[in-house]
There are 2 protein chains.
Amino acid sequence: MTETAPRPTLEAVAARAGVSRATVSRVVNGADGVREPLVERVRQAVEELGYVPNQAARSLVTKRHDAVAVVIAEPETRVFSDPFFAQQLRGISKELTAHDNQLVLLLTEGRDDHARVGRYLAGGHVDGALVFSLHLDDPLPELIHRAGVPTVFGGRPGWSDGLLPHGCGPGRAGATPTPVYVDSDNRGGAREAVRHLAGLGRTRIAHITGALDQTSAADRLDGYRDVMVDADPRLVAEGDFTPGGGERAMRELLDRCPDLDAVFAANDLMAAGALRVLRQHGRRVPDDVAVVGFDDMLPVAEQTDPPLTTVRQDIETMGRLMARLLLRGLDRHATQEEGVGGTPSSVVLPTTLVRRATA
Amino acid sequence: MTETAPRPTLEAVAARAGVSRATVSRVVNGADGVREPLVERVRQAVEELGYVPNQAARSLVTKRHDAVAVVIAEPETRVFSDPFFAQQLRGISKELTAHDNQLVLLLTEGRDDHARVGRYLAGGHVDGALVFSLHLDDPLPELIHRAGVPTVFGGRPGWSDGLLPHGCGPGRAGATPTPVYVDSDNRGGAREAVRHLAGLGRTRIAHITGALDQTSAADRLDGYRDVMVDADPRLVAEGDFTPGGGERAMRELLDRCPDLDAVFAANDLMAAGALRVLRQHGRRVPDDVAVVGFDDMLPVAEQTDPPLTTVRQDIETMGRLMARLLLRGLDRHATQEEGVGGTPSSVVLPTTLVRRATA
DNA sequence: GTGAAAGCGCTAACAA
DNA sequence: TTGTTAGCGCTTTCAC
């Protein structure tokens, strides 16, 4: 299994190079003010001994970890099957590695996991956290808040309209924090989708919602209602952002309102499920029923039959932005220039309609 | 973004409870030998202060981290779209959390990432590593070896037949390590698949390989050849374990050998791709062409049309086993009982043929 | 420019 | 049973 020979320490390098620990530290950390020949000697000693700094020791004094946790409140099965997360993580990962930060992925399914994640964050393994796919009444924000870890949320948290859900923990933190988040203009995007369908002359426009305990789903529903002011409530069916959920919802809708002529699904995965059901029921798309999705997840939207018209949000950019916001906040923190660049605040990104063949 | 109030230390708790740091440490770590009333006082102080141990400080002295890295040598896009990884991670995750270990996921795409991962592992953030999806000539094993981190591989590493690829690093480690790995009986499973097809009376049996720089793909090809001793070499097309690769390979095969009557694909994803191409070309499955996959990835194998006959390997169990082997090894290490339970050694799991409709 | 020394927060001998 | 003490490996003043 590989043996664990004791790793060389700063001390060892210093001895070998014939200098003090302080000098080695300076060289290793790229501080200037060390004369060239010494630098060379130290470099060589480091090389020869295969020295790598012990991060625990370093963190103990610097209180930095150069690591950021990404917390996703979904079961593995979803995280690893919904391309949404892949894209978001890709964006985050790029930004973090560009700034030499490690990404630590934490998935939380159940209650036990929450406790574990809380301990991990509070244990000071990471400098900050990126949290997404929050659900209503999720204990996570409270936990994170108590852990005192700087955080940026992906998607507007459900409790942003006031206080944290369960009151503040002992000792930690002062005022109720204003959450910093990155989100798409879900409501606006939904409006655009539904208006597009209406512009096509459709009047019986149905909506398949996402999991309504997430703000993204609720916001898209609101957008739908903005346009369909007095819509038949039976035209709305609740989904859960999964293909299976989309199928179920579509069947339900077809059952309740056989005369529907359009469907706006809250994401592409559900739209794909809906398309399958429509085909099974002999409805032609877009002739009989027009369909619009949300996300523009390329591997999904381009592969459906026919290719999916959808609302595009730049997910990778959202990820990048989350990471950037967090790192900037950490920086600001470190350099004490509170308020110079201004406290980072939330960002809402615009969406665009991508026309393909389903509407 | 949340403020960072200084966290309370052991010292603070001790002061508040009116005991020594040692006692607090004992209580916090669940050591017995502390009298009940004191335990109570300490517990309360911990609670009141919201104390959480500083892991960096703890690791510095214990040299334990209760964290394990999972290293996957694939781009995010694949990791997050191939259910194989999801299942494996699920198994690993279950086993690790059962033993109170954190899972740290490290994805490595390119050369830069390798260096970063190497630094991370050598930096002593984790007690061990679980590595999979290794490719031939991957610098990872060498890096990990130099980092001196106990490791269990998922799938037999390509260099197991002798030494490490590039010679040993400076200072670290002694003898060439025998890699510990968990794998399926890829060759045996492939043989069974092909024999099954032969048993159906098929004679022009083609094979779509996986990425041949991975031992799993090479082993499955070997199994195919074991049965198809003097097969037409044109019956073998190279794929890459992705659906797109399966489609390409299938087209190639159809082009080269229009008379083929069966296909064994090295995984389900490629089999699904092959099925699509066969349908496009008007071949009926299994009447004209019988198809067998590998993996028995339920969300794939059961959803294909018709449902896929395939070689089942229990991926989640593989993951669990990898984690268990690693943890056991770490334990052994810690308790010095070298050799008592025997050094953990590799495991090869059996496969079974699952008959559905394609063969 | 370089080194000596203090101390980050914790655990683990060892004493009491 | 509890407290005292000595580091773990590193960074960082502060002298030289």
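It should be emphasised that the depicted structure is a prediction, and the values quoted were computed from it without experimental measurement.
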Legend entry - Counterpart residues, side-chain hydrogen bond (donor to acceptor under 3.5 Å, both in side chains), relative to A:Ser133 (two or more places apart): A:Glu74, A:Gln214
Inset, instruction - With a 4.0 Å heavy-atom cut-off, tell me which residues in residues 120-129 of chain B come close to DNA chain C, sorted by residue number. - result: none
Inset, instruction - Treat primed atoms plus P, OP1 and OP2 as sugar-phosphate and everything else as base, then score nucleotides 7-16 of chain D 5' to 3': B for base contact with protein heavy atoms under 4.0 Å, S for sugar-phosphate contact only, - for none. - result: -BBBBBB---
Inset, instruction - Report yes if the side chains of B:Pro157 and B:Pro179 come closer than 4.5 Å at any heavy-atom pair, otherwise no. - result: yes
Inset, instruction - State which residues pass side-chain hydrogen bond (donor to acceptor under 3.5 Å, both in side chains) with B:Lys63; sequence neighbours excluded, sorted by chain then number. - result: none
Inset, instruction - Report the residues that fulfil salt bridge (Lys or Arg N to Asp or Glu O under 4.0 Å) with B:Asp32, sequence neighbours left out, ordered by chain and then residue number. - result: none
Legend entry - side-chain hydrogen bond (donor to acceptor under 3.5 Å, both in side chains) involving B:Ser25 - partner list, sequence neighbours excluded: B:Asn29
Legend entry - Non-neighbouring partners of A:Thr108 that pass side-chain contact (heavy atoms from CB on, under 4.5 Å), sequence neighbours left out: A:Val71, A:Ala73, A:Asp113, A:His114, A:Val117, A:Leu140
Inset, instruction - Could you note down all residue pairs passing side chain to side chain donor-acceptor pair (under 3.5 Å) where residues 36-45 of chain B supplies at least one of them, sequence neighbours left out? - result: B:Gln44-B:Glu48
Inset, instruction - List for me each residue that meets ring-ring contact (aromatic ring centres under 6.0 Å, His included) alongside A:Phe153, sequence neighbours excluded, and say none if there are none. - result: A:Trp159
Inset, instruction - Kindly indicate whether the side chain of A:Val19, heavy atoms from C-beta on, has any atom under 4.5 Å from the side chain of A:Val24. - result: yes
Inset, instruction - Applying salt bridge (Lys or Arg N to Asp or Glu O under 4.0 Å), name anything that partners B:Arg320, two or more places apart in sequence or on another chain. - result: B:Glu95
Legend entry - Contact interval (first through last nucleotide) of DNA chain C with protein chain B, 4.0 Å heavy-atom: C:dG9 to C:dA13
Inset, instruction - Would you mind reporting whether B:Leu107 and A:Ser93 have side-chain heavy atoms less than 4.5 Å apart? - result: no
Legend entry - Side chain A:Asp127, main chain A:Asp66, donor-acceptor under 3.5 Å: yes
Inset, instruction - Give me the bend of the helix from C:dG1-D:dC16 to C:dA16-D:dT1, using the axes of the five pairs at each end, rounded to 10°. - result: 40°
